[in-house]
Amino acid sequence: MKFFLDTAEINDIRELAASGLVDGITTNPSLVLKSGRQFVDVVREICEIVPGPVSAEVISTDHETMLAEGRKLAKIAANVVVKVPLTPDGLKTCNKLSKEGTKVNVTLCFTPAQALLAAKSGAAYISPFVGRLDDIGTDGMKLIADVVQIYRAYAHIKTEVLVASVRHPIHIIEAAKLGADVATMPPSVLRQMFNHPLTDKGLAAFLADWAKTGQKIL
Ligand code: E4P
């Protein structure tokens, strides 16, 4: 399973990319706002740090303007993936950009039917939002199960299932069990994945016993 970070915070990206665990980045207009940075500048900087796919989202809602924005964003760096919303104009734009050789991430997916439309539109990635579905009292992970099942039933579908709106490590584990291709997570969730109190306790005990041996490795 590939791990993307869902953030536009350069410090987090730099720190976690150095771990070798980060395969790509997703951003959205809300994350850009939070970063306080100029959109194009921050996307360019992220692309210099992370060689993998970096999603940058269009902000128009009509096909012609989305297309122009997508083409502009794609020119920022070779690893930019243009992100479009799951609307009729968004999918039309996805179709066109994909045919031009630009990778597209279709975002704001909440139903298997929407995911099927995105695949038919040539999306490189579909982003089903699990956390926002959980937030309204439905089962976000059921959507991942449905989309994975549908996509796997057709060998010609190459669209990758990118689990989005991740809130905690259990979302990652459940999505991995279902065979989702990618999970995009806030930096805090990736950090949480390292933790277990027995790891801390065990390490403290090993270090205490090692100190008693009086030995050194280096
Ligand atoms: C996906 O690419 C989105 O940026 C993101 O996962 C949305 O997550 P949220 O529901 O936590 O805002």
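Model, not experiment: these values are computed from the prediction. First listed ligand is number 1; within each ligand, the first listed atom is number 1.
The side chain to side chain donor-acceptor pair (under 3.5 Å) contacts involving residues 22-33 comprise D6-T26, T26-T184, where partners must be two or more places apart or lie in separate chains.
Ion pair E69/K72 not flagged as a salt bridge, since none of the NZ, NE, NH1 or NH2 atoms sits closer than 4.0 Å to an Asp/Glu carboxylate oxygen.
Between H171 and H168, the ring planes are parallel. Angles under 30° get that label, and only those over 60° would be called perpendicular.
Side-chain contact between I217 and W210 is present, with at least one heavy-atom pair separated by less than 4.5 Å.
With sequence neighbours excluded, no residue forms a ring-ring contact (aromatic ring centres under 6.0 Å, His included) with F39. Remark: Y151 pairs with no residue by the ring-ring contact (aromatic ring centres under 6.0 Å, His included) rule, at least two apart or across chains.
Sorted by chain and number, the residues within 4.0 Å of ligand 1 by heavy atom are D6, T26, N28, K83, F129, R132, A164, S165, R167.
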